[in-house]
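Read the structure below first, then the notes.
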Number of protein chains: 2
Amino acid sequence: MSRNKYPEETRQLIIDVSTKLFMENGYEKTSLQDIINHLGGLTKGAIYHHFKSKEEILYAVVTHICNGNIPIMVAIRDDKSLTGKERLEKMFAVSLQNPKQKDVFAVTPNLLDNPTFLSYYIKMVVSDTVPYYIVPVIKAGVADGSIKTEYPEELSDLIMFLSDVWLNPLIFQMSTEQLVKKAKLLNQLLHPFGIQVLSEDLIMRLAQFQTFTEIK
Amino acid sequence: MSRNKYPEETRQLIIDVSTKLFMENGYEKTSLQDIINHLGGLTKGAIYHHFKSKEEILYAVVTHICNGNIPIMVAIRDDKSLTGKERLEKMFAVSLQNPKQKDVFAVTPNLLDNPTFLSYYIKMVVSDTVPYYIVPVIKAGVADGSIKTEYPEELSDLIMFLSDVWLNPLIFQMSTEQLVKKAKLLNQLLHPFGIQVLSEDLIMRLAQFQTFTEIK
DNA sequence: GGACATATACATACCATTGGTATGTATAAT
DNA sequence: ATTATACATACCAATGGTATGTATATGTCC
């Protein structure tokens, strides 16, 4: 293959192929050769032209995944017509409505068996999602009285961590009933702060996704 | 080196050396050669006689770490003179009093940069610590009325996860004040269930450990 | 707009290191 | 004396990474 007029396409191809392989087979168990084999003629030279290491590919992959929802999240975050509490709840509703989620759930094995990927994901959530999307909304909620806490930053951290990690069937496999129990417990926990991130409806939706991952 | 009369010593040496290297430099960044170099004359043959893979060494390492507290934990778990709530709180107190902790804190960098190690650790906590130590105590607490919840298993999971992962300065670096805030928030969260795993005293102690890890 | 120079987008060839294995050997146990 | 164990030694393919080569796109000057 000779050089591409639009190198961004090549870069994106590498990211897409790597995303699939990293998610399905794990980061460690995916070799550069595996990636090359799915690149349709491109070679290692192409990869190392666009990325300086295998880890940098992973960084790009996780970034790409997390950036998918950004425009919507920004819109919700800055929607002054809603209270902080309402914005937070809408964020959770939207991220669970994302139709792509379904495919992801179907092919991804336990992320605890994909530790490097999981670590990068958690780092991204902690350093990006929490400060840029959750904290502002929680603080808005505190200001408008819809959320009650003395520790808005820490509460943001906690909510994101519980919902995105602890309650994540991709990380901890569990039966549907266990997932529902966890979700209800989470609701109980957050009730004193005025927050209910997971409505009955959302719990049902989550349970549906989860069915793909369930161990029978 | 010729064969050892007490092969268990050799096995333990490999575990000890690997523990140090895995914790200080990370699992991925520690090569078998690194381990061999610290074995004082033993070679790869010794390693592969006692362990069938590098990952099995990690498994042994994490198991060894987690098994350190077992006798005490069993004693607390089965101490009928205490309520469930009291037993749970004592477990946390004891595990934070463990003097070894201090050394660990001093040399271990962020565990999120040691993802395979962290994953094994979390798996061990979820599959061992929670069902064998936390769940029985929480259930005892529900039975004796000292703890109130409809979801004892899920609450056990949650408590262990929050205190051992979310609040762990080895996993998430944070300032001392942030750690204190997180701990107080955790107390607020668990208050409706009748639980206070971290007393003011314990928070102070935790903060002390944390000083070693703190980013200045 | 055509010619030339440069920068870019790859391909190719090569490398040390890695985790792992097959086999050999000396010593402890029986 | 025989066997089983606890190692040592020698070897392997595959891995992530690099150095270098080459063709094409792009910018520039006239």
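So you know, we letter chains A, B, ... as the sequences are listed, proteins then strands, and number each from 1.
- Looking only at distances, no side-chain donor or acceptor of B:Arg205 sits under 3.5 Å from a matching main-chain atom of B:Ala93.
- Remark: A:Asp164 pairs with A:Tyr121 by the side chain to side chain donor-acceptor pair (under 3.5 Å) rule, at least two apart or across chains.
- For residues 50-59 of chain B, the side-chain hydrogen bond (donor to acceptor under 3.5 Å, both in side chains) pairs, not counting sequence neighbours, are B:Glu55-B:Tyr120.
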Acceptor/donor pairs from residues 40-48 of chain A side chains to any protein atom, 3.5 angstrom cut, sequence neighbours excluded:
{"unit_1": "A:Thr43", "atom_1": "OG1", "unit_2": "A:Gly45", "atom_2": "N", "d": "3.3"}

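- Atoms OH (A:Tyr48) and P (D:dG16) sit 7 Å apart, rounded to a whole Å.
- When only modelled atom types and interatomic distance are considered, A:Glu28 and A:Thr116 share a side-chain donor-acceptor pair under 3.5 Å.
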Pull out every protein N or O sitting under 3.5 Å from an N or O of nucleotides 23-27 of chain D, one pair per line with the distance.
{"unit_1": "D:dT24", "atom_1": "O2", "unit_2": "A:Arg3", "atom_2": "NH1", "d": "2.7"}

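- Side chain of B:Asn114 to backbone of B:Phe22: a donor-acceptor contact under 3.5 angstrom is found.
- Of the residues in residues 10-34 of chain A, those placing a heavy atom less than 4.0 Å from an atom of DNA chain C are A:Thr10, in numerical order.
- Non-hydrogen atoms lying under 4.0 Å from DNA chain D are contributed by A:Ser53, A:Lys54, all within residues 49-64 of chain A.
- A:Asp34 and A:Ser31 share a donor-acceptor pair across their side chains, judged by distance under 3.5 Å alone.
- The two atoms that bring B:Pro136 and B:Val130 nearest to each other are CD-O, 4.3 Å, heavy atoms only.
- In the set D:dA6, D:dA10, C:dA11, C:dA11 carries the atom at the smallest distance from any side-chain atom of A:Leu42.
- B:Asp79 places no side-chain N or O within donor-acceptor distance of the main-chain N or O of B:Ala75, the cut-off being under 3.5 Å.
- Taking atom CD on B:Glu9 and atom C1' on D:dC7, their separation rounds to 15 Å, with Å as the unit.
- Of the candidates D:dA8, C:dG19, C:dC10, C:dC10 carries the atom nearest the A:Ala46 side chain, counting heavy atoms from C-beta on.
- Distance CG (B:Leu39) to P (D:dA6): 15 Å, rounded to an integer number of Å.
- Rounded to an integer number of Å, the gap from B:Ile35 CD1 to C:dG19 P is 8 Å.
- Between the NZ atom of A:Lys44 and the P atom of D:dG17 there is a distance of 9 Å, given to the nearest Å.
- Between the CG atom of A:Asn110 and the CZ atom of A:Phe172 there is a distance of 8.5 Å, given to the nearest 0.5 Å.
- Rounded to whole angstrom, the span from the CD atom of B:Glu8 across to the C1' atom of C:dA28 amounts to 16 Å.
- Closest non-hydrogen pair, A:Leu118 versus A:Ile171, comes out as CD1-CD1, 3.6 Å.
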